[in-house]
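Okay, so here's the structure we're looking at.
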Amino acid sequence: MKDTVASLLGEALAKVIAENGADFEPAPIQIERTRDPAHGDLASNVALANGKRLGMAPRALAEALCAALPANGAIARTEIAGPGFINFFLSSDSQGDVLRDVLRLGERFGHNDSGKGHKVQVEFVSANPTGPLHVGHGRGAAVGDSLARILAANGWDVTSEFYYNDAGAQINNLALSVQARCRKLTPEDDGWPEDGYRGDYIVELAEAYLAGEAVQASDKAVTASANADDLDNIRDFAVAWLRREQDLDLKSFGVSFDVFFLESSLYESGEVEAVVQRLIENNATYEKDGALWLRTTDYGDDKDRVMRKQDGGYTYFLPDVAYHLNKWQRGFERVIDEQGADHHSTVTRVRAGLQALKADIPEGWPDYVLHQMVTVMRDGAEVKLSKRAGSYLTLRDLINEVGRDATRYFLVARSPNSQLTFDIDLALSQSNDNPVYYIQYAHARVCSVKRRLGEQGIKVDLDAETVSLDALGEPQEVELLKQLARFPDIVSRAAVTAEPQQVANYLRELAAEFHAYYNAHKVAVDDEDLRTARLALSEGVRQVLANGLDLLGVSAPEAM
RNA sequence: GCGCCCAUAGCUCAGCUGGAUAGAGCAUCGGCCUUCUAAGCCGGCGGUCCGGGGUUCGAAUCCUCGUGGGCGCGCCA
C-alpha cells in the first residue's frame with residue numbers, strides 16, 4: 001500500500017516539476033504511517049522536502065500535488081495539514097485487504113523473499129567448552145537464534161553456526177583440572193593447577209570420567225578410559241561432556257545449530273598456515289622482537305598486532321582470520337557474528353586481516369552484533385557472578401527458574417547495544433508488568449473465543465476471500481487493521497538492521513491494542529455479520545502474534 | 001590517555017531511521033468481574049528527552065564539544 005501511494009505521488013511530483021519548467025532530481029518520496037488517526041492512514045512530507053527547490057510554499061506545492069495525483073480506488077481522499085503534509089485516507093476496502101492477506105497466508109504472513117535465497121550465516125554462542133553456559137551466552141543465543149529466524153523469514157538461506165576451540169591452553173587447563181580432581185585434589189590443595197577451573201561441574205566431570213561413562217554430544221562421542229594418567233583421554237572426554245551439557249541447555253532454550261566448527265580444524269587443514277603465507281606474500285607483515293607482526297594499522301587499527309609469537313605459536317586472531325576466510329569461501333554473502341561486546345576489539349582486527357589478504361572481500365564484511373553485559377537482579381539485589389570462585393548463575397538455572405519463554409523474551413527484547421538488567425522477580429511475575437505473558441495472554445484469549453464459539457456450533461474457520469468485513473468500523477478495529485499492516489515492515493526492518501527487539505516491541509503494542517479492543521467490544525455477539533467480522537479480526541491478530549512470537553523463539557499458548 | 005556502547009517520567013523501557021501535541025508498564029491515586037480468560041481494561045498524577053553549540057522548513061533522533069556510567073585496550077582467548 002505504501003509503495004502504491006509512493007509511486008502515485010512520484011508521478012504527481014514529476015508532473016508538477018515539468019509544469020513548472022523545473023529540472024532537478026527530487027528528494028526521494030517518503031511515506032509513513034501516521035500516529036494520529038486524525039492525520040489519515042498514511043502521510044508524506046514530499047511537499048516540505050521539495051518546496052524550497054521548486055520555489056513554492058510547501059502548502060501550495062502540496063495542493064498542486066494533490067491535484068495532479070492520479071485517481072486510485074485505494075485512496076478515499078487526501079488532506080493537506082500542518083506546514084504542508086499530505087495525509088492520505090485509505091478506503092475501507094484496502095484496509096480490509098490486509099486482514100484477508102493474514103488469513104490467506106497464515107504463518108507465512110509477514111514473510112518476504114527479499115533475501116532471494118542468498119546465503120547468510122549467523123554465528124553465535126561460540127562458547128569454548130570449559131564450563132557451563134552463563135547468562136551472557138543466553139543473551140547471545142536468544143539474539144542470534146532470533147536473527148536466524150528473522151533472516152529466514154526474509155527469504156535468506158540461513159546457516160547457524162557455533163565455533164569453538166577444543167585444543168589450546170584453556171582446554172589443557174580444563175583437562176589438568178579434571179585430572180587433579182580424579183586424583184582427589186581440591187582447588188585449595190597445593191597440587192591444583194594454577195588458574196585451574198574450580199566449579200562443581202569439575203567434580204561431576206571427574207566422577208563421570210572415573211566411572212568410564214560414554215558421552216554423546218551433537219558433534220562428538222567419547223568413552224572415558226577411567227585412567228587418571230591419560231590426559232589426552234581426559235581432555236577429549238571433558239570437551240565432549242561439556243559440549244553435551246551445552247547441547248542440553250541450548251535444546252531446552254529452543255536453539256539449534258546447523259554447523260559446529262572447530263578451531264583445530266583450521267590448523268589440521270593447513271588454512272591457518274596458508275593465511276600466514278598469503279599475508280607475508282602481500283607484504284602485510286614484518287618481523288620485530290622475534291615475532292611476526294601484521295600491519296593492521298594500514299586498515300584502521302590503532303597499533304599493529306603480533307600474529308606469530310616469539311615461541312612460534314600463533315595468536316588467537318590468526319585462526320579467526322582463517323576462519324572468516326573460510327566463511328567467505330563457503331559463499332556467505334552476509335555473515336553476522338553475534339558476540340559479547342567485551343570482544344569488540346576483535347572486529348577491527350579480523351576485518352583488517354581479511355583486507356590484508358586481498359581476497360576481494362568487502363571492507364565492512366562481516367557484520368557484527370555485539371551485545372552488552374547482562375546483570376541479574378533478584379529480590380532487588382544484584383546476583384554476583386564470580387567466575388574465579390566457580391560460582392555463577394548458569395543459563396540452565398535461569399531457564400529452570402523462570403522458564404524458556406520469559407528468559408528468551410527478556411534477553412531479546414532490548415537493543416543488544418544496551419546493557420541489560422535481567423530482573424528475575426519481574427520475569428516470574430504473571431501480570432501486566434511482564435510483557436511475555438501479556439503477549440501470550442492476548443493470543444490465548446483469541447483461542448478461547450474461538451473455542452467457545454466452536455462449542456456453540458458456530459463456524460470459526462473463515463474463508464479469507466469470501467468473509468465479509470464490512471461490519472468492521474469501530475475506531476479500535478480500524479487501528480488494529482493498521483497495526484496488522486505494519487508487521488511485514490517490522491519483519492523486513494528487523495532483518496536489515498539486525499535488530500530482533502523490533503519484533504518484540506511491536507508485539508507488545510499489538511497485544512495492548514487487542515486487549516483494549518477485547519475489553520471494549522465483544523466478539524460473540526448475536527449479529528452474525530458483526531460476529532464473523534470481529535472473529536476474522538481477532539484471528540488475524542492471533543495469527544500475527546503467533547508469527548511474531550515464533551521469530552523470537554517464544555511459544556504461543558492456546559490457553560493460559 | 002585511546003577505542004566501542006549507553007543516557008528519555010521516581011523505576012524499567014518504547015519512540016517506526018528527521019516530522020505534527022514525546023509514549024507504555026511499574027510505583028502512586030481512583031474506577032471496571034451474574035456478559036467471549038481480571039495474566040485484562042478505563043481514568044488521574046508524573047518530562048530541562050544528560051548539558052552547550054551546530055545542520056535543517058522541522059532535532060529525543062544527524063554532526064560537534066563536554067559530563068556521567070559500562071566494556072575493552074597482552075607475544076591471553
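Within the 4.0 angstrom heavy-atom criterion, base atoms lie near A:H521. Using a 4.0 Å heavy-atom criterion, one finds that A:D489 contacts no nucleic acid atom at all. Counting non-hydrogen atoms under 4.0 angstrom, A:D301 reaches nothing in the nucleic acid. Looking at heavy-atom distances under 4.0 Å, A:A169 makes no contact with the nucleic acid at all. Using a 4.0 Å heavy-atom cutoff across all strands shown, A:Y506 reaches no nucleic acid atom at all. A:A442 comes within 4.0 angstrom of no nucleic acid atom, judged by non-hydrogen atoms across all strands. Residue contacts shown for A:D320 are absent, as no nucleic acid heavy atom lies under 4.0 Å away. Base contact: A:M560 has a heavy atom under 4.0 Å from a base atom. Nucleic acid contact for A:R308: none, since no nucleic acid atom lies under 4.0 Å from a heavy atom of the residue. Residue A:H515 is classed as a sugar-phosphate contact, given heavy-atom separations below 4.0 Å to backbone atoms only. Across all strands, A:K303 comes closer than 4.0 Å only to sugar-phosphate atoms, never to a base (heavy-atom distances). Residue A:A520 is classed as having no contact, given no heavy-atom separation below 4.0 Å to the nucleic acid.
Summary of the strand contacts: A:D304 and A:I31 both lie near RNA chain B, and taking for each the nucleotide with the nearest heavy atom, the more 5' one is attributed to A:I31. In terms of position along RNA chain B, the nucleotide closest to A:S448 lies nearer the 5' end than the nucleotide closest to the other residue of the pair A:S448 and A:K288.
Relative to the side chain of A:R486, the nucleotides B:C16, B:C36, B:G40 differ in distance, and B:C16 lies closest. For A:Y437, the side-chain atoms get nearest to B:A39 when compared with the rest of B:G40, B:C36, B:A39. Nearest nucleotide to the side chain of A:Y441, out of B:G40, B:C71, B:C16: B:G40. Side-chain proximity of A:N519 to B:C36, B:A38, B:C41: nearest is B:C41. With B:C57, B:G40, B:C42 as the candidates, the nucleotide lying closest to the side chain of A:A516 is B:C42. Of the listed nucleotides (B:G19, B:A38, B:G72), B:A38 has the atom at the smallest distance from the side chain of A:Y518. Side-chain atoms of A:Q170 lie closest to B:C76 of the nucleotides B:C76, B:G72, B:C36. Checking B:C36, B:A20, B:A77 against the side-chain heavy atoms of A:K522 singles out B:C36 as nearest. Counting only heavy atoms from C-beta on, A:A291 has its side chain closest to B:C75 among B:C75, B:A20, B:G72.
Using the Watson-Crick or G-U wobble rule with both distances under 3.5 Å, B:A60 pairs with nothing in any strand shown. In a base pair of the Watson-Crick type (N1 to N3 plus N6-O4 or O6-N4) or a G-U wobble (N1-O2 and O6-N3), with each distance short of 3.5 Å, B:G40 is matched with B:C32. B:G51: Watson-Crick or G-U partner is B:C65, with both key distances under 3.5 Å. Here B:C71 sits opposite B:G3 as a Watson-Crick or G-U wobble pair (both hydrogen-bonding atom distances under 3.5 Å). Nucleotide B:G18: unpaired (no Watson-Crick or G-U wobble partner with both distances less than 3.5 Å). Judged by Watson-Crick or G-U wobble contacts below 3.5 Å, the nucleotide B:G10 has B:C26 as its partner.
No aromatic stack links A:Y438 and the base of B:A39, using centre distance under 5.5 Å and interplanar angle under 30°. In this structure, the aromatic ring of A:H343 is not positioned over the six-membered ring of the base of B:G72 within 5.5 Å between centres and 30° between planes.
Note: A:H521 NE2 to A:S538 OG = 11.5 Å, rounded to the nearest 0.5 Å. Rounding to the nearest 0.5 angstrom, the gap separating the CD atom in A:Q543 from the NE2 atom in A:H443 is 7.5 Å.
One interatomic measurement links the two molecules: OH of A:Y517 to P of B:A38, which rounds to 16 Å at whole-angstrom precision. Taking atom CG of A:L42 as the reference point, atom C1' of B:A20 lies 16 Å away to the nearest angstrom. Straight-line distance from the CG atom of A:L530 to the C1' atom of B:C36: 13 Å, rounded to whole Å. Atom-to-atom, CD of A:E513 to C1' of B:G23 comes out at 13 Å; the value is rounded to the nearest Å.
A donor-acceptor contact under 3.5 Å is formed by the side chain of A:N87 with the base of B:A20. For B:G3, the base has no donor-acceptor partner in the side chain of A:D302 [N/O atoms by modelled type, under 3.5 angstrom].
Nucleotides B:G25 and B:U64 are separated by 37 Å at their P atoms, to the nearest Å. Nucleotides B:G47 and B:A24, compared at atom C1', are 15 Å apart to the nearest Å. Straight-line distance between the P atoms of B:G23 and B:A27: roughly 22 Å, to the nearest whole Å. Straight-line distance between the P atoms of B:A14 and B:A9: roughly 12 Å, to the nearest whole Å. Spacing of C1' atoms, B:G58 relative to B:G54, comes out at 15 Å, to the nearest Å. Distance noted for atom C1' between B:A60 and B:U28: 27 Å (whole Å). Rounded to a whole angstrom, the distance from the P atom of B:C63 to that of B:G70 is 24 Å. For the P atom pair drawn from B:A7 and B:C50, the interatomic distance equals 8 Å after rounding to whole Å.
Looking only at side-chain heavy atoms (C-beta outward), A:Y506 and A:L510 come within less than 4.5 Å of each other. With contacts defined as side-chain heavy-atom distances shorter than 4.5 Å, the pair A:Q476/A:F514 does not qualify.
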Candidate pair A:R235 and A:I171, rule side-chain contact (heavy atoms from CB on, under 4.5 Å), full reasoning:
CA-CA 7 Å; A:R235 184 185 296 111; A:I171 297 294; 3.5 Å; yes

Please evaluate residues A:F162 and A:F261 with respect to the criterion side-chain contact (heavy atoms from CB on, under 4.5 Å), reporting the C-alpha separation (whole Å), side-chain torsions for both, the decisive distance (0.1 Å), and the verdict.
CA-CA 6 Å; A:F162 185 119; A:F261 197 104; over 6 Å; no

Could you check A:R198 against A:D195 for salt bridge (Lys or Arg N to Asp or Glu O under 4.0 Å), going step by step and ending with a plain yes or no?
CA-CA 9 Å; A:R198 39 177 71 205; A:D195 296 324; over 6 Å; no

Between A:Y438 and A:H515, is the ring-ring contact (aromatic ring centres under 6.0 Å, His included) condition met? List the steps.
CA-CA 9 Å; A:Y438 186 79; A:H515 282 308; 4.7 Å; yes

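A:E363 CD: 12 or fewer foreign heavy atoms inside a 6.0 Å radius.
Between A:F487 and A:F109, the angle of the ring planes stays under 30°, which puts this pair in the parallel group of the 30/60° scheme. The aromatic rings of A:F410 and A:F422 sit tilted, their planes meeting at an angle between 30° and 60°.
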Base, backbone or nothing for each nucleotide of nucleotides 6-14 of chain B, written B, S, -, heavy atoms under 4.0 angstrom, 5' to 3'?
S-----SSS

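Checking A:D320, A:L318, A:L354, A:I280 one by one against A:V275, the side-chain contact (heavy atoms from CB on, under 4.5 Å) holds for a single residue, A:L318.
The phosphate of B:A39 has neither OP1 nor OP2 within less than 4.0 Å of any side-chain N or O from A:R445.
Classified by its glycosidic torsion, B:C33 falls in the syn category, the angle being within 90° of 0.
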